[in-house]
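Structure, as structure tokens:
Each chain gets a letter, A, B and so on, in the order its sequence line appears, and its residues count up from 1.
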Amino acid sequence: MRKNGPDMEIALDVPRLRAVPSNPAPPAPVPDPSDAELLARVAERDQAAFEMLYGRYVRPVFGLALRRLGDRGHAEDAVQEAFAAVWRSASTYRPERGAAGGWLYTVARNAIVDRLRRNGPAAGAELPELASSEAGPAQQAEESDTAWHVHRALEELQPREREVIELAYWSGLSQSEVADYLGLPLGTVKTRTRSGLAKLASVLEGELL
Amino acid sequence: MNREPSFDELVGGETSGEEREQLRRVHELLLEAGPPPELTAKLRKAPGSEPGVARMQRRRVVKRRGLLLLAAALSIVVVFAAGYAVSNSRHAGTSSAIGVTKTLQLTGTRQAPHAHATLAVLKPQAGNWPMTLNVTGLPTLPPHAYYYVYLVRDGKPWAPCGAFRVASSSQALTLTLNAPYKLRKSDTWVVTRPTHRGEPGTTVMRPVSA
């Protein structure tokens, strides 16, 4: 019996089955976008890119602001001003003039200096009458620069690597105590610490190493 | 004073030569940089939308007066935390050295519906984990009755970390507490109104995420 027209059309619409491999290869991991790519997207008002950039830089910017301003409230304001400036002026970033991290550092530093001017000279800015053992402005700037790079590099680690590094360096716990605290085998903590340090070395190569 | 991490303990003997020297340099940079700051609640999240960024700036101007008042309260918290940080950190004197290991937001149960609190667990010192509790909105209790801050482990109140009283439910309190125990990452805390026999009693505040 001959099929009528619509039936034939239906038959033609049915997709043909194709043989698929029994173990399809997993999709290749998509690399995280670079800072420069994120800035370009922020310039086009991409909120998701802004949030990603914020996640990468908020702690280094806050750390820088705290070091320069010495006050948590003012530092918070400076961070917000810095990221508002990033949102406003992302389109002015030119990759050929330098790395995006450097551009963000400049934006953050300007916001902090503006905040410093608005608040008047900090108590510590007055010239001491006696010789002080504290670091001078040049050394302070160098320390801030180091902290900026190191804190930024920490954001590149996997959270589980960052966690063991932060506990190992700044909690006062031994590796065994870190393992107890996290409920992990000691070997796992040691492996994560070593891989975290190696990744930091890779990120900081060319910047501070 | 806290121990400084040992490079040899952290890295072990599995690396050598140039690679080991590079790791040692990273180790020195970490010590030089000091800890990254703990983000405040305000900074934990990026502004949610484009108008949000613009609004952020407008709000900042309006909030300036309020912030001056808040600064006084904030400075109390900073002073408490800085006290611990000074003895803990080789970078004492900078606010970024204030080491907060964990921050917990607590909210009131039906017994204290208007209560809110922030519990900050600071860096440990000789087996003690100092904590600051900033709490508001808890009802006042009868004379000789106290609130307890209880460490919760495996879902149950496990050990007390200090008691306190509330003179006025509208007044914010900043308290210093301590957990002299071997803490685990999964540990959490609640505020309870204990029974007269000192048992944990009724939970009046619990973590927001719980």
Distance under 6.0 Å and angle within 45° of the ring axis: does A:R152 meet both against A:Y57? yes
Pairing residues for A:R56 by the salt bridge (Lys or Arg N to Asp or Glu O under 4.0 Å) criterion, not counting sequence neighbours: A:D35
Decide, yes or no, whether a salt bridge links A:E205 with B:R25 under the criterion of side-chain N to carboxylate O below 4.0 Å. no
Checking A:D32 now: which residues fulfil salt bridge (Lys or Arg N to Asp or Glu O under 4.0 Å) with it, not counting sequence neighbours? none
Would you call A:R115-A:D71 a salt bridge at under 4.0 Å N-O? no
If we define contacts as heavy-atom pairs under 4.5 Å, which of A:W148, A:Y181, A:F62 has the most with chain B? A:Y181
When you compare the side chains of A:S171 and A:E166, does any donor N or O come within less than 3.5 Å of an acceptor on the partner? no
With sequence neighbours excluded, give me every ring-ring contact (aromatic ring centres under 6.0 Å, His included) pair touching residues 6-43 of chain B. A:Y169-B:H27, B:F7-B:H27
Chain B contact via A:L154 - which portion, at a heavy-atom distance below 4.5 Å: side chain
Contact list (residues 89-98 of chain A to chain B, heavy-atom gap under 4.5 Å, by number) returns none
Less than 4.5 Å to any heavy atom of chain B: does that hold for the side chain of A:L53, its backbone, both, or neither? neither
